[in-house]
Every structure is written in C-alpha cells, then in structure tokens.
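Worksheet: the structure to be examined is printed underneath.
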Amino acid sequence: MLKAEFTDIRGRVYRETPLSIRMDIEEDVPADSVNLKLKGVGFAELVTVEIFRNNTLIFSGEVDEQTEVYGNKTYTEIVARDSCARLIDSEAYPMSFVNPSSKDIFDRYAKPFGFKVLKGENKVYSGRYTVEKGISCYTAIKRFSKELYSAFPKCRGDELYIEGIKSNDVLHIGKNGIPISDMRIVKLRCNRVSRVYLKYKDGEGYNHFVSDKNAENAGINKVRYINLASANSNVKDADLIFDNGRKKSFYADVVCRGFYGDALGKTVILEDADTIFYVSSIRYTADEKGEYTKLRLLKKEE
C-alpha cells in the first residue's frame, strides 16, 4: 500500500493515499522525480513529500509544482524532485581550486544545501580546477566527478554519491526469475559516433582526431568536435563520447509487475540473452490498475 506524507509551508503534516504515482529514476539524470495525484483540492502550499510503500520509504524530496484540476474529476497533481534539486537550482560560487579533493568540492558546493555525507573515494584532482560563473552547484560537482571518476553523481537524502549509484546485486529476469509482462529490444545506430576531432590550442584548427574503429567498421560516419583549449574540456571527453554512443545504441525495456524502484545499477541476467545487462533507468507506476516497473537495460561493459 502506498502512502504519501507532506509538510506544508506552515509545517503542518498531511498523510494521503495517492490516486496514482509515477516515479522516474535514471543514472544520467541528476534528480529522481515523482508525479502523483491526490484526491480533492484545497491543500495549503506543500513543501516536502515522502512516499512509503508498505511502510518502507521509496522517495523523499521537495515539491516543485502543485496544480489543482477541476472537471469531471477533481484532484491535485504534485511534481517533486529529490534533494539533488537544491544543487541543480543553485548557482555555484565562482572560484578556482588548486589540487582540490572530492571533500573540498563537497564542502563548498553541497554541504551548504543540507548534504551531510560524501559517499565514494576522496580522490584529489591534480592541478587547477576552475568553477566559472553561471553554472549550477550540481554542474560544478558533475564536471569534477566526470574528470576524476568518469562517473555521474547522484543524491539520496542528505548523501551525495560522487561516483554515482553502484550495486553488486544481481536480478534474474525471465521465467525462472522476475516474470516479464512486456519486453522490447531496440537498436539505435543513430547514437554511434565514429570520430572525434580535437583542437589543442586557440588559433589552431581541429587538426587531430581519434576514432572508434568498431563504429567505422560498422559503417558509422558521424563526428564530434572538442576544443581542448577550453577549461571545460578534457581529452577524456572523446572516450566518453564513444562510450556513451555505444551504450545508447542498444537497450532492452522490460516491464515487470510490482515494485523494483531500488534496482538502479544492478546487474541483470535476462533469460535466453547472451549479454549481461545493468539497470540504467526505472519508471515505476501505480494506480487502480496495479503497480508496474519498467526497467531500461543497457549492456554492461566488461
């Protein structure tokens, strides 16, 4: 059974049973989000929301939108994001660090917004790390994480996962595991990139390049450009472009009855498949028709 607990702007608490809920969790989207409908209208301005399933907390966040709908059915629609929204919506203080550690970045750009715990190895960045005016706190953290860990940071409550959400758990999906209600497999050649051109200095052209030989051998002819003279670019970005293209060129969507909202990053053994997958995104829905979880599976790199 699903229950939602809200606090309003005056600190009052509401406990409601949602008419419906949709929760979206993705590895490369900073904030997890929910969209839920409540019976009736007239709620005060809502500030925070926690969602419980069978008394287990499955989402905690802050309300972004509150809409009252009138018509044949009268209800209130709530859109909320998790704690990462604070970092996304706050501008980063512009400054330059010399050999900063992950904790230095955490203390400057996450701790002021209520984050108390840094999850992940406390690595040290070699050289000068500059945060320019106009970017968000999350972007400042994400670029640091990308360059040092090749990862995408995520948030859970007051914890910042600098290396992203990782899991050693394995899901078995199919006849001898979690039953599948629906499945589709999609191949997307359009996402592959064959070559990345590089500019090393201002005033020069993009005179150097690196290639993805597998993409070229598959007949892919698509290019990107990286200006390495920019403080926001790194030669590793080329590998990330190739890796991202490969990851997004093939995926499987499986729909399972029930709740698997904690499956992000888990390894998946899919029956009759010769590929090992992992869960890259989750969409959980629940309404009068039942509850379902759609898992997007990407190939797991060896």
Side-chain angles (χ1 to χ4, degrees), residues 23-34 48-53 56-62 64 80-93 97 100-125 129 131 135-171 234 236-237 239-240 243-244 247-248 259-268 277-284 293 295-298 300-301:
M23 181 167 65
D24 290 295
I25 303 169
E26 300 182 47
E27 65 172 345
D28 53 0
V29 172
D32 301 345
S33 64
V34 295
T48 66
V49 56
E50 291 184 332
I51 300 171
F52 298 86
R53 180 181 182 273
T56 298
L57 181 68
I58 63 171
F59 178 86
S60 176
E62 299 169 10
D64 284 331
R81 291 175 294 164
D82 71 12
S83 55
C84 198
R86 302 174 210 157
L87 305 180
I88 297 169
D89 297 343
S90 298
E91 184 176 353
Y93 186 88
F97 299 82
S101 69
S102 301
K103 188 175 184 305
D104 292 331
I105 300 299
F106 173 82
D107 288 345
R108 188 66 189 85
Y109 295 114
K111 201 169 184 179
F113 302 97
F115 289 87
K116 298 177 181 179
V117 180
L118 174 66
K119 291 285 191 177
E121 185 180 354
N122 184 28
K123 289 186 177 182
V124 175
Y125 185 93
Y129 183 75
V131 175
I135 68 172
S136 71
C137 290
Y138 181 80
T139 299
I141 295 168
K142 182 183 74 171
R143 186 162 60 83
F144 183 90
S145 179
K146 182 183 74 171
E147 293 187 18
L148 207 56
Y149 301 95
S150 296
F152 199 98
K154 294 282 285 185
C155 306
R156 288 289 184 270
D158 63 1
E159 300 177 335
L160 173 67
Y161 289 75
I162 192 76
E163 298 179 62
I165 301 293
K166 297 181 179 180
S167 176
N168 294 322
D169 293 344
V170 177
L171 294 179
N234 187 291
K236 293 182 180 179
D237 291 346
D239 291 332
L240 293 175
D243 291 344
N244 191 53
K247 282 176 60 176
K248 294 186 176 180
F259 175 80
Y260 297 96
D262 59 351
L264 191 70
K266 291 185 178 181
T267 297
V268 172
F277 297 91
Y278 75 96
V279 178
S280 70
S281 71
I282 300 164
R283 170 165 288 183
Y284 167 71
T293 306
L295 304 176
R296 174 151 296 182
L297 311 180
L298 297 182
K300 188 168 185 176
E301 297 292 334

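Quick caveat, the model's predicted, so the values are computed rather than measured.
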### Query
Taking only residues two or more places apart in sequence or in another chain, which ones pass side chain to side chain contact (heavy atoms under 4.5 Å, CB included) with Val29?
Glu26

#### Entry: Shortest non-hydrogen separation from Gly261 to Ile282 and the atoms involved
O-CD1, 3.6 Å

### Task
Just jot down the side-chain hydrogen bond (donor to acceptor under 3.5 Å, both in side chains) partners of Tyr125, sequence neighbours excluded, or say none.
Glu147

### Query
Passes side-chain contact (heavy atoms from CB on, under 4.5 Å), Tyr260 versus Lys266? Steps please.
CA-CA 11 Å; Tyr260 297 96; Lys266 291 185 178 181; over 6 Å; no

### Summary
Taken to the nearest 0.5 Å, the spacing of Ile51 CD1 from Leu57 CG works out to 9.0 Å

#### Entry: Distance, nearest 0.5 Å, that separates NZ of Lys146 from CG of Leu240
6.5 Å

### Task
Taking all non-hydrogen atoms of both residues into account, name the closest pair between Ala92 and Ala140 and its distance.
CB-CB, 4.2 Å

## Note on the structure
Applied to residues 106-120, the salt bridge (charged side-chain N to carboxylate O under 4.0 Å, His left out) test, sequence neighbours excluded, yields Lys103-Asp107

### Query
Is there side-chain contact between Cys137 and Tyr93, with at least one heavy-atom pair below 4.5 Å?
no

### Message
So which atom in Ala151 and which in Ser145 form the shortest heavy-atom distance, rounded to 0.1 Å?
### Response
O-OG, 3.4 Å

### Message
Could you work out, with ring pair (Phe, Tyr, Trp, His ring centres under 6.0 Å) as the rule, every residue matching Tyr284, not counting sequence neighbours?
### Response
Phe259

#### Entry: The single option from Asn122, Ile141, Val117, Leu160 passing side-chain contact (heavy atoms from CB on, under 4.5 Å) against Phe106
Leu160

### Query
Nearest 0.5 Å, what's the CG-OG1 distance between Leu297 and Thr267?
11.0 Å

#### Entry: Over all atoms of both residues, closest heavy-atom pair of Ser90 and Phe113
OG-CE2, 3.3 Å

#### Entry: Test salt bridge (charged side-chain N to carboxylate O under 4.0 Å, His left out) applied to Glu50 - qualifying residues, sequence neighbours left out
none

### Task
Please name the pair of heavy atoms, one in Leu295 and one in Ala263, separated by the smallest distance, quoted to 0.1 Å.
CD2-CB, 4.2 Å

### Interatomic distance, Lys300 atom NZ to Leu298 atom CG [nearest 0.5 angstrom]
12.0 Å

### Residue that, paired with Leu87, satisfies side-chain contact (heavy atoms from CB on, under 4.5 Å) out of Pro112, Cys155, Pro153
Cys155

### Partner set under side-chain hydrogen bond (donor to acceptor under 3.5 Å, both in side chains) for Asp89, not counting sequence neighbours
Arg81

### Message
So, using side-chain hydrogen bond (donor to acceptor under 3.5 Å, both in side chains) as the criterion, who are the partners of Ser60 when residues are at least two apart?
### Response
none

### Message
Using the salt bridge (charged side-chain N to carboxylate O under 4.0 Å, His left out) criterion, which residues pair with Asp104? Sequence neighbours excluded.
### Response
none

### Message
Parallel, tilted or perpendicular: which one describes the rings of Tyr129 and Phe144, with boundaries at 30° and 60°?
### Response
perpendicular

### Task
Sort and list the pairs that fulfil side chain to side chain donor-acceptor pair (under 3.5 Å) and have at least one residue in residues 149-167, not counting sequence neighbours.
Asp32-Lys154, Asp32-Arg156, Ser102-Tyr149, Glu159-Tyr161, Glu163-Lys166

### Query
Where is the tightest heavy-atom contact between Phe115 and Gly157, given as atom of each residue plus distance?
CE2-O, 3.5 Å

### Task
Working to the nearest 0.5 Å, report the span between OG of Ser136 and CD1 of Ile88.
7.0 Å

### Task
Apply salt bridge (charged side-chain N to carboxylate O under 4.0 Å, His left out) to Glu62 and list each qualifying residue two or more places apart in sequence or on a separate chain.
Arg86

### Task
Identify, with sequence neighbours excluded, every residue that meets side-chain hydrogen bond (donor to acceptor under 3.5 Å, both in side chains) alongside Ser280.
none

### Query
Just how far is it from atom CD1 of Ile25 to atom CZ of Arg283, taken to the nearest 0.5 Å?
11.5 Å

### Pairing residues for Asp28 by the salt bridge (charged side-chain N to carboxylate O under 4.0 Å, His left out) criterion, not counting sequence neighbours
Lys248

